[in-house]
Amino acid sequence: IFALACIGLSGCAGAVSSTPTESTVSDTASSSASSVPVSSASKADFEGKVITYDAPNMTTQDWFSFDGIEGKTTRISLKVPEDWVFDSSIFLANDIKQAEMVGVIQLGEGQELPSGQILPADRSFDAYEPDEILSEETGTIAGLSYKLQKTMTYPDGGDIRVWYPYTYYLSDGNRVFVICFYSLKPNDAQDQALYESILSTFRYEE
């Protein structure tokens, strides 16, 4: 079971294994890097490199925890800034986390994208305190409908007291690609423009 760490936990890391591939060579970054969201890419119109990734396929009942589908992955691609280093499912710049890809969620019949605070169905998470939802947006990007949730959370340790995940859910009606970007600002137009420029290059490579 994979618990969504972009919303409520510090650092997305799951038990579902997957195999990333990258179209350009980069140094391997440490997975223990800081989660402070800072990037040298400052404009949506960026020079970048294309990353391909065998994203784990998952199912979910509550959008908090995810069950991996054994042996199933979906290859995706997207362009990211040149200074972003790809390490497993995480993107880093100067050893600082910029984003994390959660995976591809297979929707059940009638299942919809999350709305409002994400709460665990499992009673063992009773002590969980959900992140504050700052705003939600919907739209279309890369030919897919999306929902964006901007939240506020408090990282465990480090120099930053509060930070702001931008979690995107991109849906074709049958499956949902989930990615979480990290910003120091709750509603920054420049950061959002960069994130959506990246997502405009998203493709399923099948």
Side-chain angles (χ1 to χ4, degrees), residues 4-13 22 26 29 31 33-51 53 55 63 76-103 113-118 130-171 176-203:
L4 179 58
C6 300
I7 303 179
L9 304 177
S10 60
C12 293
E22 185 172 346
S26 61
S31 61
S34 169
S35 295
V36 180
V38 177
S39 175
S40 63
S42 61
K43 297 188 299 181
D45 184 17
F46 60 90
E47 294 295 328
K49 57 189 176 185
V50 175
I51 301 294
Y53 174 58
W63 295 100
I76 63 92
S77 68
L78 73 172
K79 188 173 79 169
V80 299
E82 286 286 354
D83 65 337
W84 285 23
V85 176
F86 191 34
D87 181 19
S88 185
S89 61
I90 299 171
F91 292 102
L92 305 166
N94 299 318
D95 288 337
I96 297 168
K97 184 184 289 187
Q98 306 299 317
E100 181 153 7
M101 295 186 287
V102 176
L113 297 181
S115 180
Q117 287 185 323
I118 293 177
D131 292 351
E132 180 181 347
I133 299 288
L134 300 179
S135 66
E136 293 185 327
E137 301 174 18
T138 59
T140 302
I141 196 165
L144 303 170
S145 61
Y146 75 84
K147 172 167 280 188
L148 163 62
Q149 286 191 332
K150 298 178 186 178
T151 58
M152 180 174 67
T153 191
Y154 302 92
D156 295 329
D159 298 328
I160 302 301
R161 297 181 60 186
V162 60
W163 55 315
Y164 304 93
Y166 289 52
T167 304
Y168 286 84
Y169 302 84
L170 276 64
S171 175
V176 180
F177 174 68
V178 184
I179 185 169
C180 189
F181 297 95
Y182 300 92
S183 176
L184 287 172
K185 300 176 182 179
N187 191 28
D188 186 81
Q190 184 170 278
D191 283 352
Q192 187 168 339
L194 172 63
Y195 304 153
E196 293 182 5
S197 182
I198 291 169
L199 291 178
S200 72
T201 70
F202 173 82
R203 300 290 184 271

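Keep in mind it's a predicted model, so treat the numbers as computed, not measured.
Once rounded to the nearest 0.5 Å, the distance linking CD of Gln149 with NZ of Lys147 reads 6.5 Å.
Proximity of a side-chain donor or acceptor of Ser200 to a complementary backbone N or O of Ser197 within less than 3.5 Å is detected. Asp87 places no side-chain N or O within 3.5 Å of a backbone atom of Ile90 that could act as its donor or acceptor partner. A distance-only check finds a donor-acceptor pair linking the side chain of Lys49 to the backbone of Glu82 [under 3.5 Å].
Scanning for ring pair (Phe, Tyr, Trp, His ring centres under 6.0 Å) contacts around Phe91 gives Trp84, Phe86, with sequence neighbours left out. Judged as a side-chain hydrogen bond (donor to acceptor under 3.5 Å, both in side chains), and not counting sequence neighbours, Ser145 has no contacts. Considering only residues two or more places apart in sequence or on other chains, Lys150 meets the salt bridge (Lys or Arg N to Asp or Glu O under 4.0 Å) condition with Glu137. Phe181 meets the ring pair (Phe, Tyr, Trp, His ring centres under 6.0 Å) test with Tyr168, Tyr195; sequence neighbours excluded. Among residues two or more places apart in sequence or in another chain, the side chain to side chain contact (heavy atoms under 4.5 Å, CB included) test is passed with Thr201 by Leu78, Lys79.
Donor-acceptor pairing under 3.5 Å is recorded for the side chains of Glu100 and Ser89. Side chain to side chain, Asp188 and Ser183 fail the donor-acceptor criterion of an N or O pair below 3.5 Å.
Looking at heavy atoms from C-beta onward, Ser77 lies out of side-chain contact with Tyr53 at the 4.5 angstrom threshold. The side-chain heavy atoms of Gln98 and Tyr182, taken from C-beta on, include no pair separated by under 4.5 Å. Looking only at side-chain heavy atoms (C-beta outward), Ile133 and Met152 stay at 4.5 Å or farther from each other. Under the 4.5 Å side-chain criterion, counting only non-hydrogen atoms from C-beta, Ser171 is not in contact with Leu144. Phe202 is listed as a side-chain neighbour of Leu170, based on a closest heavy-atom distance under 4.5 Å. A heavy-atom distance below 4.5 Å is found between the side chains of Pro81 and Ile198. Using a 4.5 Å heavy-atom cutoff, the side chains of Thr167 and Ile179 are not in contact.
Listed here is the closest heavy atom pair of Ala142 and Leu199: CB-O, 3.5 Å. When all heavy atoms of Tyr164 and Leu134 are compared, the closest pair comes out as CD2-CD1, 3.6 Å.
Among residues at least two apart or in separate chains, there is no salt bridge (Lys or Arg N to Asp or Glu O under 4.0 Å) pair with a member in residues 193-202.
Checked against the 6.0 Å centroid criterion, the rings of Tyr169 and Trp63 qualify as a close aromatic pair.
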